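Structure first, commentary second.
Small disclaimer: the values here were computed from a predicted structure and weren't measured. All values below were derived from every heavy atom in this structure, side-chain atoms included, with hydrogens, water molecules and symmetry-related copies excluded. First listed ligand is number 1; within each ligand, the first listed atom is number 1.
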Amino acid sequence: MSEQPRTVALLGATGSIGTQTLDVLRRERETLTLDAISGGQRVDELIAIAREFSVSRIGVMDAAAAKAVLDELPHADVVVGAEGLGNLAASSDIVLNAVLGFAGLPVTLSALEHGRRLALANKESLIAAAPLVDRVRSVSGAGEIVPVDSEHCAIYQSLAGSAHEVGYPDVRRLLVTASGGPFRGRRAEDLTRVTKQDALNHPTWQMGAKITIDSSTLMNKGLEVLEASALFGIEVDRVDVVVHPQSVVHSMVEFVDGTTMAQLSMPDMRLPIAYALGRPVRFDHAWGSIDFSTALTLTFEPPDREAFPALDLAYAAGRRGGAAPAWLSAANEVAVEAFLAEEIRWCDIVAVVADVLTDYEDDSLGSLEALRDNDARARAKARERITRLRT
Ligand code: NAD
Ligand code: MG
């Protein structure tokens, strides 16, 4: 007897991860049913997805978008804003959080609180809210997190080599791999004049604009160190970064006996997306399988921490804990937006984040209100710095 399909809420359905998730869902109609979607700007695309998958529960950002959806789909159940996102994340079997940035927080918290599987692409919510997420995860009946980020999916799978389920005392370190981005090999002084076009030209991955810029500064890798630490409960100093330009080894786990386990595949986000949706079942469609019949060279090198200071900033924020990672991520979101709007130079992005963090004073992050307050303060400080740079 075949099982009932599991229901999926795909929040951030119109983005890069959202679109690739739809590709997976098109192949898995027998096992997975899309039953809720949300989107930010591209309302027409959202309507098209709702039509294709017969989805009636739809989240939008504002009243104008709600009206646009209802004009086309009068029977839709439309919810608006952050509260709407939280509601959509409460009732499907699996919630794929592909929203961009801190705006994904209500999805992360609601899915876990309601005992749903959280297939997590949105790293910013976990990084900023790690202490709150920990608390929610420790309640009995809370949902589980299965990471979608390719590095964390690789670590998640490689940790099957551990004899433990928490703390991982037999793990020496996690090794997060990095492509190095478009500026690998360049020195700090060669990076003062790079353009938006240069920064958006990622060598191995096609992704949304924000994460592509984060990859060019290596802030994405810094955020991923914090993400790994929060996801697996391993201190940041047991997480290392290795540059691997081919993006085939998606990350590794080194055990105390010298064994290193890794997950390999060609760069294709549909693989970790499918894994996070199906686990423990592996869907019978190979995204990104490797062709070993032709020559394939894999290389590894240490990151250049001088040219890419974002990495050490992220480690420092992780060691400090509390709201420091929330400040780092919030200031970075604001600085990347300003860079994409061509208000600041590429090298100003990380300089703004570093400058904002000098104002950080320890904050234990005991509540959601405290987190929102910290997020708002870090954003305001980043905007101040950006205004100063422009005048
Ligand atoms: P994207 O910009 O392509 O898409 C983001 C989605 O979120 C869109 O549907 C957009 O409409 C929606 N959105 C944006 N701002 C919103 C807001 N304020 N409120 C509600 N919805 C909003 O981004 P992406 O590249 O798909 O990345 C999504 C998340 O996945 C990010 O956290 C990113 O770090 C993570 N991620 C992406 C990739 C990738 O390959 N693209 C890989 C790993 C992790
Ligand atoms: Mg990644």
Side-chain angles (χ1 to χ4, degrees), residues 9-23 37-49 58-62 65-66 79-86 88-89 96-108 118-128 147-156 174 176-181 200 202 204-215 218-228 231 241 244 247 249-251 263 267-273 275-276 287-288 329-330 332-334 336-337 340 375 379:
L10 173 56
L11 307 176
T14 55
S16 158
I17 292 289
T19 307
Q20 295 179 83
T21 303
L22 294 173
D23 264 0
I37 54 174
S38 81
Q41 307 301 331
R42 300 198 285 265
V43 178
D44 288 351
E45 282 175 37
L46 200 60
I47 293 168
I49 297 166
I58 302 173
V60 293
M61 266 166 71
D62 54 36
V79 296
V80 181
E83 201 183 324
L85 280 181
L88 290 180
L96 199 144
N97 187 355
V99 173
L100 180 66
F102 188 69
L105 181 66
V107 176
T108 291
L118 175 63
L120 184 67
N122 174 279
K123 61 192 84 179
E124 295 92 342
S125 61
L126 176 67
I127 292 161
V148 167
D149 213 351
S150 53
E151 295 77 3
H152 305 76
C153 179
I155 293 169
Y156 187 98
L174 308 180
V176 177
T177 52
S179 72
L200 282 172
H202 196 278
T204 50
W205 294 101
Q206 280 292 323
M207 309 179 285
K210 192 257 178 184
I211 184 173
T212 305
I213 300 304
D214 286 348
S215 300
L218 289 207
M219 183 59 88
N220 184 49
K221 224 32 70 177
L223 294 174
E224 289 184 348
V225 167
L226 299 173
E227 180 185 6
L231 264 175
V241 173
H244 165 54
S247 301
V249 175
H250 292 295
S251 278
Q263 181 262 329
D268 188 331
M269 285 308 295
R270 291 172 295 187
L271 191 162
I273 290 168
Y275 181 83
W287 306 100
S329 183
N332 180 59
E333 273 191 49
V334 173
V336 170
E337 265 170 40
L340 286 170
D375 175 75
R379 279 169 201 270

Going by the atom numbers of ligand 1, which of them fall below 4.0 Å from some non-hydrogen atom of [X]?
X	answer
Ala103	17 (C), 18 (N), 19 (N)
Gly208	3 (O), 25 (O), 41 (N)
Gln41	11 (O)

[atom]: the protein heavy-atom neighbour that sits closest, reported with distance to 0.1 Å:
atom	answer
atom 29 (C) of ligand 1	Val99 O, 3.5 Å
atom 6 (C) of ligand 1	Ala98 O, 3.5 Å
atom 32 (O) of ligand 1	Glu124 OE1, 2.7 Å
atom 19 (N) of ligand 1	Met61 SD, 3.6 Å
atom 43 (C) of ligand 1	Asp149 OD1, 3.0 Å
atom 9 (O) of ligand 1	Thr14 OG1, 2.7 Å

Aromatic ring pairing His250/Trp205, orientation class (parallel under 30°, perpendicular over 60°, tilted between):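 Correct class here is tilted.
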Tell me whether [X] contacts the main-chain N or O of [Y] through its side chain, where contact means a donor paired with an acceptor under 3.5 Å.
X	Y	value
His244	Val249	yes
Ser38	Val60	no
Asn97	Leu118	no
Asp149	Glu151	no
Glu333	Phe102	yes

Pick one of side chain, backbone, both or neither for how [X] approaches ligand 1, counting any non-hydrogen atom pair under 4.0 Å.
X	answer
Met207	both
Lys123	both
Leu100	both
Arg42	neither

Angle subtended at the Mg ion (ligand 2) by Asp149 OD1 and Glu224 OE2, rounded to 10 degrees: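 OD1 of Asp149 and OE2 of Glu224 make an angle of 90° at the Mg ion (ligand 2), to the nearest 10°.
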Under 3.5 Å between any N/O of [X] and any N/O of ligand 1: does that happen in this structure?
X	value
Ile211	no
Gly15	yes
Ser38	no
Ser16	yes
Ile17	yes
Ser150	no
Gly40	yes

Heavy-atom check, side chain of Val43 versus side chain of Met61, under 4.5 Å: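 No - every pair of side-chain heavy atoms lies 4.5 Å or more apart.
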Minimum side-chain heavy-atom gap Leu100-Asn122 below 4.5 Å: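 Not in contact.
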Within this structure, what is the [atom1]-[atom2] distance for the pair [X] and [Y], rounded to the nearest 0.5 Å?
X	Y	atom1	atom2	result
Ser150	Met269	OG	CE	5.0 Å
Glu224	Ile127	CD	CD1	8.0 Å
Ile213	Leu340	CD1	CG	5.0 Å
Ile37	Leu22	CD1	CG	8.0 Å
Thr14	Glu45	OG1	CD	6.0 Å
Leu226	Lys123	CG	NZ	11.0 Å

Closest Glu151 atom to the Mg ion (ligand 2) [N, O or S only]: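 Within Glu151, restricted to N, O or S, the Mg ion (ligand 2) is closest to atom OE1.
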Option whose closest heavy atom lies nearest to atom 30 (O) of ligand 1, chosen from Ala13, Ala121, Ala209: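 Going through Ala13, Ala121, Ala209 one by one, Ala121 has the nearest heavy atom to atom 30 (O) of ligand 1.
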